[in-house]
Every structure is written in C-alpha cells, then in structure tokens.
Amino acid sequence: MYALLAAFLFGASTPAAKHLLNGINPWLLAGVLYLSSGVGLLILRLLATYFQRDNKTAGLHGTDWKWLAFATCFGGLAAPVLLMAGLNRTDSATTSLLLNLEGFFTAILAWVLFNEPFSKQVLIGGLVILAGGIIVSWTGTPNLIQFLGPILIIGACLGWALDNNFTNRIAASDALQIAMVKGLFSSIANISIALKLGQSMPPLSILAPASLVGFLGYGVSLFFFVLALSHIGAARSGTYFSFAPFVGAGISVMSGMMLLTRQLLTGGLVMGIGVTILLMEKHKAVNSEAIAS
C-alpha cells in the first residue's frame, strides 16, 4: 500500500511538472520541487517530534549518511534534472510510460549490487517494458535528436533506480528524516546551479503550484516509498511503483494534454504486460517465502 500510494502521487506529478515547464527552467524547477519537498517534510517532522516525544524510530547514524549521500546524488540531483530536460522534449504521456523502466532497473541493480533475488521472469518483464518504451518513443526515421528526450528520461529512471537501492540500505531508519534530508540537499544544489547559470526565481503564480507538486509528488511520495522499502525491499517496491507511469499517462490523456493515439495505446498495453509479468514473479516469490516459513 505504501508503494502504491507513492506511485500515485509521483505519477500525478509528471503531467503537472510538464505544464509548469512552460514558465520555468528545468534545472530550477527540479530545485523548487525538492525545496518544497524538504521544507514541507521538515515541518511535518517538527510537528511529529513535538506530539510524539516518546517516538523510538532510529535516526540516521554512521555509514547511513554515506548511503544517503549516494542516493541524493543520483536520485536528488541527476535524475530530476534529466527528467525535466526530457519532459521539455517529450510529451507527458510518453514520459510517464517510459518511467516504467525505473522498476525494472531497480530490480536489476538490486540483484547486481546487493544480491537480491532475480529470475528470468524479471528479465523477460523488463525487456517487454523496454519494447513498449521503444513503441511509444518511435517517431519514424531514427536519429539522435528525436530520441534525446526519451534517452534523458531513461537516464532519470537509472538514477532513481540507483537511488532506490542505496536508500534501501537505510530504509529501517526514520523514513521522514531520509526524505526530508534528501529533499533539502537536492534543492540547495539544483537551485544553486540554476542561479549560477543565470536563472531567476519564478513568480508566485508558478512557484505556488510547483511547491504543492513538489511537496506531494516528491516529498510525501518519497516518504511512502521509503516506508515500502523497509517492508518489502527495493526490487518489490520498484515493481509496485511501476503503476506510477500509468497514473501520469492517464491524467495526461484525460486532461487533454495528450491525445490517445494508436501508438500510445499499443506501447502502454505492451508495458502493462511487462509490469504484469514482473508482478506475477513477485507474487510467486512472496508465496514461496510464506511456504518456506
């Protein structure tokens, strides 16, 4: 449930961010999204500390900060900027569907880096998702310029997949603290870089909705995702999080931001089959563990 809540909030943020890009630089938008995420969660943490003074949740300590630093670099700095740059070159529905690759990359990296269980079914599901991504991204004659947007989005998926696995190493700690620190540090770096490049802060008419999107789609969503990591691990959390792209694509179509073309529908269906294969594999794994115990 935590992973699905995270997926819904993040999925809804993608078309919203696409709309906001009309009036703000991608790098600066990434910073604003994470700033509102970090500040909002900081307020929640202060309130939680005040009202729950006997809370025994473990905070970050020792090597936890190393894993958080890695997660922040890939998931808080690189990935959101790549996503915003990709959104600038790709429609929101296609972008949302391409984000399906994050779950597959998370499972692959969990296996490669941390020896989490992996099977042929995960590989097959991931390849089917990749095939769907090619379908929704295809524009006719292939060239680098046309594929630059999708390539940037795939890079964002890889960055968040690394983030998921690094965060999984500290998921037993305070989820609110992890999400808050990641948001604050990511925002400081991204906004500083944007200002160095000559950008200026946007007007309140853009800043206010961007702050709301950042708090819900990046802050609260990340908080729920860290809770999911602590319960079911990186590979399974990433798989359930694969519902996020379908939320974003659905909102894009229903809001009129994107037409439901045959290409988009076909690619979405193929990706849906890939996600289903991944979910079936995870369901088998859960049943096997239950039988063994």
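Under the 4.5 Å side-chain heavy-atom criterion for Ile, Leu, Val, Met, Phe, Trp and Tyr, Leu33 and Leu195 are members of the same hydrophobic cluster. Linking Ile, Leu, Val, Met, Phe, Trp and Tyr whenever their side-chain heavy atoms come within less than 4.5 Å puts Leu227 and Met180 in one cluster. There is no path of hydrophobic side-chain contacts, each under 4.5 Å, that joins Ile43 to Ile188. Both Leu222 and Leu5 belong to a single network of hydrophobic side chains, linked directly or stepwise wherever heavy atoms of I, L, V, M, F, W or Y lie under 4.5 Å apart. A continuous path of Ile, Leu, Val, Met, Phe, Trp and Tyr side chains, each step under 4.5 Å between heavy atoms, connects Leu35 with Leu21, placing both in one hydrophobic cluster.
Interatomic distance, CG of Leu68 versus CD1 of Ile170, reported as 4.5 Å (0.5 Å rounding). Summarising the geometry, atom CG belonging to Leu98 is positioned 11.0 Å from atom CG belonging to Leu152; distances are rounded to the nearest 0.5 Å. Separating the CG atom in Leu29 from the CD1 atom in Ile206 is a distance of 9.0 Å, to the nearest 0.5 Å. Note: Ile251 CD1 to Thr14 OG1 = 8.5 Å, rounded to the nearest 0.5 Å. Note that the CZ atom of Phe185 and the SG atom of Cys73 stand 11.0 Å from one another [nearest 0.5 Å].
Residues Phe10 and Leu99 meet the side-chain proximity criterion, which asks for heavy atoms closer than 4.5 Å. Contact check for Ile108 versus Val112: side-chain heavy atoms found under the 4.5 Å cut-off. Using a 4.5 Å heavy-atom threshold, the side chains of Leu216 and Ser13 count as separate. At least one side-chain heavy atom of Leu9 sits under 4.5 Å from a side-chain heavy atom of Phe224. Using a 4.5 Å heavy-atom cutoff, the side chains of Leu269 and Ile273 are not in contact. Leu20 has its side chain within reach of Pro209: a pair of non-hydrogen atoms, C-beta onward, lies under 4.5 Å apart. Counting only heavy atoms from C-beta outward, the side chains of Leu28 and Met201 approach each other to under 4.5 Å. Contact annotation: the side chain of Leu212 never approaches that of Ser36 to less than 4.5 Å [non-hydrogen atoms, C-beta and beyond].
Below 30°, between 30° and 60°, or above 60°: for Phe70 and Phe166 the angle between ring planes is between 30° and 60°, a tilted geometry.
Of the possible polar contacts, one joining the Arg89 side chain to the Ala85 backbone as a donor-acceptor pair under 3.5 Å is found. Asn165 places a side-chain N or O within donor-acceptor distance of the main-chain N or O of Ala161, the cut-off being under 3.5 Å.
Nearest heavy atoms, Lys182 versus Tyr34: O-CD2, 4.4 Å. Among all heavy-atom pairs drawn from Ala179 and Leu41, the shortest one is CB-CD1, 3.4 Å. The two atoms that bring Leu184 and Gly38 nearest to each other are CD2-C, 3.7 Å, heavy atoms only. Residue Leu207 comes nearest to Pro202 through the heavy atom pair CD1-CG, 4.1 Å, listed as atom of the first residue, atom of the second, then distance. Heavy atoms only, all atoms of each residue included: Asp163 and Gly75 are closest at OD2-CA, 3.4 Å. Closest of all the heavy-atom pairs between Ala156 and Leu82 is N-CD1, 3.8 Å.
Shown are Thr106, Ile154, Leu158, Ile153; of these, the side-chain contact (heavy atoms from CB on, under 4.5 Å) with Leu101 is made only by Ile154.
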**OP:** Start with the C-alpha gap between Phe114 and Asn168, add the side-chain angles, then the distance that decides, and say whether side chain to side chain contact (heavy atoms under 4.5 Å, CB included) holds.
**Re:** CA-CA 10 Å; Phe114 301 110; Asn168 189 42; over 6 Å; no
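Donor-acceptor pairing under 3.5 Å is lacking for the side chains of Ser252 and Lys18.
More than 12 heavy atoms of other residues, nucleotides or ligands sit less than 6.0 Å from atom CZ of Phe105.
Listed by first and then second residue, the side-chain hydrogen bond (donor to acceptor under 3.5 Å, both in side chains) pairs that reach into residues 185-210 are Trp27-Asn190, sequence neighbours excluded.
Here Phe225 and Trp160 keep their ring centres 6.0 angstrom or further from each other.
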